[in-house]
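Numbering of ligands and ligand atoms starts at 1, following listing order. Position 1 is the first residue of the sequence, and the numbers go up from there.
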Amino acid sequence: MMQPVAVVGAGPFGLSTAAHLTARGVPVRVFGDPMVSWRDHMPAGMLLKSTPAASSIDAPQQGHRLADYCDAAGIRRLVTDEDIIPIETFIGYGEWFQDRLVPELERVRVVSVDRHKSGGFELKLDSGELFTACAVVVATGLSGLAHLPPELAAAVPDGPAPTGPVSHSSQEHDLTRYAGQDLIVVGAGQSALETAALAAEAGARVRVVSRGRGKVAFGAPPWKQPRLRPESPFGRAWSLWALSHYPHPYRHLPAGVRHYLVRRVLGPLGAWWLRDRFEDKVRVSEIDRIVRADAADGSPRLTVRTQAGHTQELTADHVIAATGYRVDIAAMDFLGHGLRTRLAVSRGAPELGAGYVSSVPGLYFTGLPAAASYGPVMRFVCGTEFASPRLAGHLVAAHGQSRGRGAGR
Ligand SMILES: Cc1cc2nc3c(=O)[nH]c(=O)nc-3n(C[C@H](O)[C@H](O)[C@H](O)COP(=O)(O)OP(=O)(O)OC[C@H]3O[C@@H](n4cnc5c(N)ncnc54)[C@H](O)[C@@H]3O)c2cc1C
C-alpha cells in the first residue's frame, strides 16, 4: 500500500490541494485547524477585499465554488464584483468545502517533519503519533509568519500581545476591546485601514500611521475600472492579468525581480467600499519613518520623523502593527533542522521548481510560501486554481516514477 501524502494545513490552500490529491486516488492525511487564520487571526466584522470571482477554493469537481455554497446555505448568491463577501460567509464556505471534500481532516498539529531513512518523511503529531509519508505538502499559510518591524519589536521584549502596549494585527479579533481608547494602527494596507475603520466604529479614537506620502489610498469601484484593459480577479490591468493567468514563467525571472513584484504588485491599497467608512473617522499621520518605540510606563509612545524632517512623539493606549507577513523558512520550526539546511532558499522563501516541489524531492510548498516562486497570486485564495492541480499532478507523476524505479531494482 502506498504511503500517504501528508498535507500540513487546512486553510484554502491545504484543503484545495488535499481535494485534488484525493481525486487522483492518492491517499492523504490532512492536518490543521480548518480556516483558523480567518476565524481567529482576522478581525470580526471584516469584509473580503477579493471579489466573488476571485474567492473560490479550487476543487477538482464542479459544484464547490463560493456561489454553490451560497445556494447550499440558502444565502444570497455572491457573484458580481459589487457583491462584498462577509468573513463569516467565507469561513462557512471553507468549512462546507472541508466537510464535503476533506472529511477525514485531522485537527492536530504537526510538531516535526524530518527525512526518513526509507527516502520518505517522518512526521510527529502533537497527539504523540509518529508516521511516515511519501511526500509532504506545506500549506501552513500565514501561521507563524507575522512580521513586526524591529523598531516596534524593541518596545515589547516579551513579544506583541493585545493585552500589552503593542500587538500585531494577526492577534486582533475583537476590536470592541478598544472602545473609548486611543489607538494607533501602523500600516497602510487593507488590513491596517479596515482594522482602523472597525475599531473607530467600535468607539475607539484611531490614528493610522503610515510611511510615505499619499500611501493611504483606496481602489476604484468596479464601475470606474478602465474598460479597455483585460479583466483579472484583482481588477483591470495588463500586469494583473498576466500575473494571475500566467504564473508559470514567474519562477524564471531573476530573484530580485520576483521578490520586488511579490511585495509591490497588489500592494497596500484600501478596498473601494472602505473609503466612506474611513475618511473623516480615522486620523492619518503620513510620516517619514518610526525612529523608535517605547512603553516605559506601560503605554506605547512612537517617536517619528515627519515628512518635513522634524521629530514628533505620538502616544496612545495601544498600538496595532498591521505590518504584514514575511516568509521565513527559519520560522517554520516544525521543519526539522536537517530538512531546512537542505532546502534551497532565497531571502527566506523556498525556491520551488515545476509543480511546487522544493529542492528536497517530495517536499512541496503552496500558498504564501510559494509566492516568491509563483508570484503574488499565491497570496490569495484564487491562487488555488493554478497551484492545486499542478502540485497534485507533479506529485502523482513523481511518486509514480519513483515507485516504478524502485520496483525495477
Ligand atoms: C486581514 C487579511 C485579509 C485577507 N483578505 C483576503 C481576501 O479578501 N482574499 C484573499 O484571497 N486573500 C485574503 N487574505 C490572504 C489569505 O489569508 C490567504 O489567501 C489564505 O488564507 C491563505 O490560505 P492558506 O491555506 O495558505 O493558509 P491559512 O488560511 O493561513 O491556513 C493555514 C493552515 O495551516 C495550519 N497549520 C499551521 N501550522 C501547522 C502545523 N504545524 N501543523 C498542522 N497544521 C498547521 C493551520 O491550522 C491552518 O489550517 C487576507 C489575509 C489577511 C491577513
Atom 44 (N) of ligand 1: nearest protein contact (heavy atom, Å):
Gly32 CA, 3.4 Å

Answer yes or no: does an N/O atom from Val110 fall short of 3.5 Å to an N/O atom of ligand 1?
yes

Determine whether the side chain, the backbone, both or neither of Val36 has a heavy atom under 4.0 Å from any heavy atom of ligand 1.
side chain

Quick one about Thr17 and Thr366 (side-chain donor to acceptor, distance below 3.5 Å, no hydrogens or angles considered), yes or no?
no

So which of Ala192, Pro12, Gly383, Ser143 gets nearest to atom 23 (O) of ligand 1, if we judge by its closest heavy atom?
Pro12

Ranked by distance from atom 35 (C) of ligand 1, the top protein heavy atom is Gly9 CA, 3.6 Å

Using a 6.0 Å distance limit plus a 45 degree cone around the ring axis, check whether Arg258 lies over the aromatic ring of Tyr250.
no

Please work out whether the ring planes of Phe97 and His64 are parallel, tilted or perpendicular, with thresholds of 30° and 60°.
perpendicular

My understanding is that only one of Arg205, His318, Arg207 makes a side-chain hydrogen bond (donor to acceptor under 3.5 Å, both in side chains) with Asp182; could you say which?
Arg205

Please confirm whether His248 and Phe386 have ring centers closer than 6.0 angstrom.
yes

Starting from atom 27 (O) of ligand 1, which protein heavy atom do you reach first, and at what distance in Å?
Gly141 CA, 3.1 Å

Only one of Leu175, Ile87, Ile320 clears side-chain contact (heavy atoms from CB on, under 4.5 Å) with Pro43; which?
Leu175

Could you tell me whether Arg65 sits above the aromatic face of Tyr69, with NZ or CZ closer than 6.0 angstrom to the six-membered ring centre and within 45 degrees of the axis?
no

Is there a side-chain hydrogen bond (donor to acceptor under 3.5 Å, both in side chains) between Asp328 and His147 once you walk through the steps?
CA-CA 10 Å; Asp328 185 3; His147 171 68; over 6 Å; no

Cationic N near anionic O, under 4.0 Å, Asp288 to Arg305
yes

Going by the order shown, which atoms of ligand 1 are within less than 4.0 Å of some heavy atom of Ala139?
32 (C), 33 (C), 34 (O)

Arg100/Glu95 salt bridge by N-O under 4.0 Å criterion:
no

Quick check: does Ser191 get an N/O under 3.5 Å from an N/O on ligand 1?
no

Out of Phe380, Phe334, Phe90, Trp38, whose heavy atom is nearest to atom 6 (C) of ligand 1?
Trp38

Distance under 4.0 Å to a non-hydrogen atom of Arg379: what atoms of ligand 1 satisfy this?
15 (C), 18 (C), 19 (O)

Determine, using heavy atoms of Met46 and all atoms of ligand 1, whether some pair is separated by less than 4.0 Å.
yes

To the nearest 0.1 Å, how far is atom 9 (N) of ligand 1 from its closest protein heavy atom, and which atom is that?
Ser50 OG, 2.8 Å

Show me which atoms of ligand 1 lie under 4.0 Å from any heavy atom of Val108.
43 (C)

Kindly assign one of parallel, tilted or perpendicular to the pair Tyr325 and His168, based on the angle between their ring planes and the thresholds 30° and 60°.
perpendicular

Polar proximity ligand 1 side, Met42 side, N/O cut 3.5 Å exclusive:
no

Would you tell me which option among Phe365, Phe13, Phe31 has the nearest heavy-atom contact to atom 24 (P) of ligand 1?
Phe13

Only heavy atoms of Ala10, strictly under 4.0 Å: list the atoms of ligand 1 that pass.
33 (C), 34 (O), 48 (C), 49 (O)

Counting from 1, what ligand 1 atoms have a heavy atom of Asp33 closer than 4.0 Å?
47 (O), 48 (C), 49 (O)

Taking distance alone, with N or O pairs closer than 3.5 Å, would you say Tyr325 contacts ligand 1?
no

Checking a contact table here: which protein heavy atom is nearest atom 11 (O) of ligand 1, and how many Å away?
Val381 N, 2.8 Å

Please list the nearest protein heavy atom to atom 8 (O) of ligand 1 with its residue and the distance rounded to 0.1 Å.
Lys49 N, 3.0 Å

Assess Arg107 against Phe31: is NZ or CZ under 6.0 Å from the centre of the six-membered ring, and within 45 degrees of the ring's axis?
no

Give me the residue, atom name and distance of the protein heavy atom closest to atom 28 (P) of ligand 1.
Ser37 OG, 3.4 Å

Measuring centre to centre across the rings, with the benzene-like ring taken for any Trp, is Tyr356 within less than 6.0 Å of His394?
no

Pair Ser55, Ser50 - check side-chain hydrogen bond (donor to acceptor under 3.5 Å, both in side chains), show working.
CA-CA 6 Å; Ser55 303; Ser50 57; 2.7 Å; yes

Students should be able to answer this: which protein heavy-atom is nearest to atom 36 (N) of ligand 1, and at what distance?
Thr140 CG2, 3.9 Å

Contact atoms of ligand 1, heavy-atom distance to Gly11 under 4.0 Å
25 (O), 29 (O), 31 (O), 33 (C), 49 (O)

